[in-house]
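Shown next, in structure tokens, is the structure this report addresses.
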Amino acid sequence: YGDASQKIDYVFKVVLIGDSAVGKSQILSRFARNEFTLDSKATIGVEFQTRTLVIQHKSVKAQIWDTAGQERVLLWYRAVTSAYYRGAVGAMLVYDITKRQTFDHIPRWLEELRGHADKNIVIILIGNKSDLENQRAVPTEDAKEFAQKEELFFLETSALESTNVESAFLTVLTEIFNIMN
Ligand code: GDP
Ligand code: MG
């Protein structure tokens with residue numbers, strides 16, 4: 001799934017950040033392997049998965065980094081934080097549309113990101129679990145407004161139903177690609 005060709009023209013590192021349990025690992029697993037686990041275990045350590053795709057006739061290997069537990073502590077150990085953000089050209093800032101607190105923490109995540117990552121990093125705000133519309137606690141408009149103010153891309157996704165996951169990654173990867181070309 002996803003491996004487009006042997007020859008790689010670009011490798012783009014993209015980091016996933018946001019509170020625990022918002023669905024970061026399931027978004028990654030949906031994108032990298034087209035899999036979803038309803039009762040997923042918390043990630044251990046920092047890990048990444050890759051998927052190679054074609055953008056404008058070039059093969060782009062997306063190397064997506066996912067975190068693990070440390071997300072409970074907003075201030076990581078310095079060494080871990082800088083290794084995580086080092087070389088990242090894209091970031092996906094994830095909250096859960098059914099948990100207001102995870103959206104309220106987004107400014108802090110953004111601050112950390114802007115403090116550690118390259119200033120030209122492409123950022124998308126993602127409201128995950130859009131399949132749980134009946135439990136929605138964050139209006140789409142609030143997130144849209146915030147994203148506009150902070151100049152972020154924005155999409156609501158469902159890793160469960162596979163809604164907009166592909167689009168979210170493509171938005172970030174295509175923008176990075178365009179900046180480089
Ligand atoms: P992480 O801590 O941010 O990596 O979150 P996980 O990916 O481990 O997901 C936390 C929980 O939310 C798990 O029970 C997932 O099955 C569930 N989950 C993740 N994405 C979705 C989604 O799009 N819809 C629903 N309904 N549940 C999801
Ligand atoms: Mg995880």
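We count ligands from 1, going down the list as the structure has it; atoms in each ligand are counted the same way. Please read these numbers as outputs of a predicted model, since none were measured by experiment. In what follows, every heavy atom counts, from backbone to side chain, and hydrogens, waters and symmetry copies are set aside. Positions are given from 1, in the same order as the sequence printed here.
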State the atoms of ligand 1, each with its element, that fall below the 4.0 Å cut-off from a heavy-atom position in [X].
{"X": "Leu160", "result": "22 (C), 23 (O), 24 (N), 26 (N)"}
{"X": "Thr37", "result": "15 (C), 16 (O)"}
{"X": "Leu132", "result": "26 (N)"}
{"X": "Leu38", "result": "13 (C), 14 (O), 15 (C), 16 (O)"}

Please check if any side-chain donor atom of [X] sits under 3.5 Å from a side-chain acceptor atom of [Y], or the reverse.
{"X": "Ser25", "Y": "Asp66", "result": "yes"}
{"X": "Asp131", "Y": "Ser158", "result": "yes"}
{"X": "Trp65", "Y": "Gln63", "result": "yes"}

Does any pair with a residue in residues 113-125 pass salt bridge (Lys or Arg N to Asp or Glu O under 4.0 Å), and if so which ones, sequence neighbours excluded?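 Counting only pairs at least two positions apart or across chains, the salt bridge (Lys or Arg N to Asp or Glu O under 4.0 Å) contacts touching residues 113-125 are Arg114-Glu150.
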[X] N/O under 3.5 Å from ligand 1 N/O:
{"X": "Thr157", "value": "no"}
{"X": "Ala21", "value": "yes"}
{"X": "Asp66", "value": "no"}
{"X": "Phe36", "value": "no"}
{"X": "Asp131", "value": "yes"}

Salt-bridge criterion met for Asp19 and Arg108 (N-O under 4.0 Å):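 Looking at Arg108 together with Asp19, the answer is no, because their closest N to O distance does not fall below 4.0 Å.
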Pair Glu156 + Lys144: basic N to acidic O under 4.0 Å: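 Salt bridge flag = no for Lys144 with Glu156.
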Kindly check if the number of other-residue, nucleotide or ligand heavy atoms within 6.0 Å of CD (Gln101) is above 12?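 It does not: Gln101 CD has 12 such atoms or fewer within range.
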Option set Ser25, Ala159, Ser130, criterion heavy-atom distance to atom 23 (O) of ligand 1, minimum: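 Selected option, by shortest heavy-atom distance: Ala159.
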Examine the proximity of ligand 1 to Ile27 and report which part, side chain or backbone, both or neither, has a heavy atom under 4.0 Å away.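 The answer is neither.
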N/O/S of Ser25 less than 2.8 Å from the Mg ion (ligand 2)?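 So Ser25 does bind the Mg ion (ligand 2) by this criterion.
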Is the backbone of Thr157 close enough, under 3.5 Å, to the side chain of Ser130 for a donor and an acceptor to pair up by distance?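 Indeed, once roles are kept as given, a pair shorter than 3.5 Å links the two residues.
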